[in-house]
Amino acid sequence: MGEQRAERADAARNRRAILGAAEELLRCHAPDEVSIERIAAAAGVGKGTVFHRFGSRVGLMRALMEERVHALGEAVAGGPPPLGPGAPPRDRLVAFLDAVVGVAARNGRLITAHDHALATRRHAEGRLTDNPVYLSWHAHVTSLIAEARPDLDADLVAHVLVGSMHNEGVARLLLAGESERVAAGMRAMAESLLR
């Protein structure tokens, strides 16, 4: 029993070390320079440990991204309005898009690394729409649009809005520090759609 606990604690320590090393390397290097080997060395673990824990570079970047957006998910589910329940759909959508731009602005290199890892995959796991973060954000935006404007194709419009955060031009603006410009554009689109 004690041995199993030690293994679980060790696995948790390894997970934290790997995610921390990946985050630090992405802070200092371009995404294509941050390999699994480099992350493993910085975390003080073997390359096999990284693959065992995360499955692939895509899985590692996805786990790091999910960790960064966890607080946003909690705020959407049970936080105060307008991000959380209780506000009109238009206000919630604007607040959500503002929050997404904020996450993207703070994690630009991570998003680029995640997208780069997806692009280098050759099988179905590499599709953007298989990403749990994307799926969650898309579902939330779809429900808000459908509630406010049942006449719109909420699924399609949600893909346009959420997918725009993965657009190369938008990513470049965020990396250049123009998050307020991106947020203002997203707000304007959302407000005009749901007016």
Side-chain angles (χ1 to χ4, degrees), residues 19 23 26-27 30-31 58-59 61-119 121 124-195:
L19 292 174
E23 185 173 28
L26 286 170
R27 193 181 343 269
V58 171
M61 295 304 158
R62 181 176 292 160
L64 191 54
M65 191 66 206
E66 287 172 358
E67 201 169 90
R68 297 297 163 263
V69 300
H70 180 75
L72 175 56
E74 287 183 341
V76 165
L83 194 54
R90 180 174 156 259
D91 295 347
R92 289 194 77 195
L93 180 59
V94 169
F96 179 74
L97 293 174
D98 276 348
V100 167
V101 170
V103 167
R106 289 187 304 275
N107 296 283
R109 284 185 182 234
L110 171 58
I111 291 169
T112 301
H114 182 256
D115 290 349
H116 179 267
L118 286 174
R121 294 288 295 201
E125 186 182 349
R127 293 187 313 225
L128 175 63
T129 54
D130 286 340
N131 178 335
V133 173
Y134 182 91
L135 291 173
S136 169
W137 289 359
H138 175 266
H140 180 60
V141 170
T142 299
S143 70
L144 294 174
I145 293 169
E147 184 181 346
R149 290 282 310 272
D151 58 311
L152 290 179
D153 182 344
D155 178 68
L156 174 63
V157 175
H159 277 303
V160 171
L161 288 173
V162 177
S164 68
M165 297 307 297
H166 293 274
N167 175 288
E168 188 177 326
V170 171
R172 212 177 286 130
L173 288 171
L174 291 170
L175 288 171
E178 295 197 51
S179 60
E180 186 45 47
R181 179 180 174 196
V182 173
M186 297 292 279
R187 277 193 297 271
M189 282 193 296
E191 288 170 349
S192 65
L193 275 169
L194 302 188
R195 188 165 293 139

Over all heavy atoms of both residues, which pair between Pro89 and Leu144 is shortest? Give the atoms and the distance, please.
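Closest heavy-atom pair between Pro89 and Leu144: CB-O, 3.5 Å.
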
To check you understand the geometry: which heavy-atom pair defines the closest contact between Leu64 and Glu23, and what is its length?
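Where Leu64 meets Glu23 most closely, the heavy atoms are CD2-N, 3.9 Å.
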
Which class fits the ring pair His159 and Tyr134: parallel under 30°, tilted 30 to 60°, perpendicular over 60°?
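Aromatic pair His159/Tyr134 classed parallel.
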
How many angstroms lie between CG in Leu93 and CZ in Arg149, if you round to the nearest 0.5 Å?
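So the CG of Leu93 and the CZ of Arg149 are separated by 12.0 Å.
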
Got a second to check how far Ser136's OG is from Glu66's CD, nearest 0.5 Å?
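Those atoms lie 9.5 Å apart.
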
Under 3.5 Å, sequence neighbours excluded: what are the donor-acceptor pairs made by side chains of residues 173-180?
| residue | atom | partner | partner atom | Å |
| --- | --- | --- | --- | --- |
| Glu178 | OE1 | Arg181 | NH1 | 3.2 |
| Glu180 | OE2 | Arg187 | NH2 | 2.5 |

When you compare the side chain of [Y] with that of [X], does any pair of heavy atoms fall below 4.5 Å?
X: Leu26; Y: Met61; answer: yes
X: His138; Y: Asp155; answer: yes
X: Leu161; Y: Ile145; answer: yes
X: Val101; Y: Met165; answer: yes

Do any side-chain atoms of residues 74-87 form donor-acceptor pairs under 3.5 angstrom with protein atoms, and if so which ones, sequence neighbours left out?
| residue | atom | partner | partner atom | Å |
| --- | --- | --- | --- | --- |
| Glu74 | OE2 | His70 | NE2 | 2.8 |

Looking at Arg195 and Glu191, does any basic side-chain N land under 4.0 Å from a carboxylate oxygen?
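A salt bridge is absent here (no side-chain N lies under 4.0 Å from a carboxylate O).
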
Checking Arg106 against Arg68 for the side-chain contact (heavy atoms from CB on, under 4.5 Å) test, could you report, in this order, the C-alpha distance in whole Å, the side-chain angles of both residues, the deciding distance, and whether it holds?
CA-CA 9 Å; Arg106 289 187 304 275; Arg68 297 297 163 263; over 6 Å; no

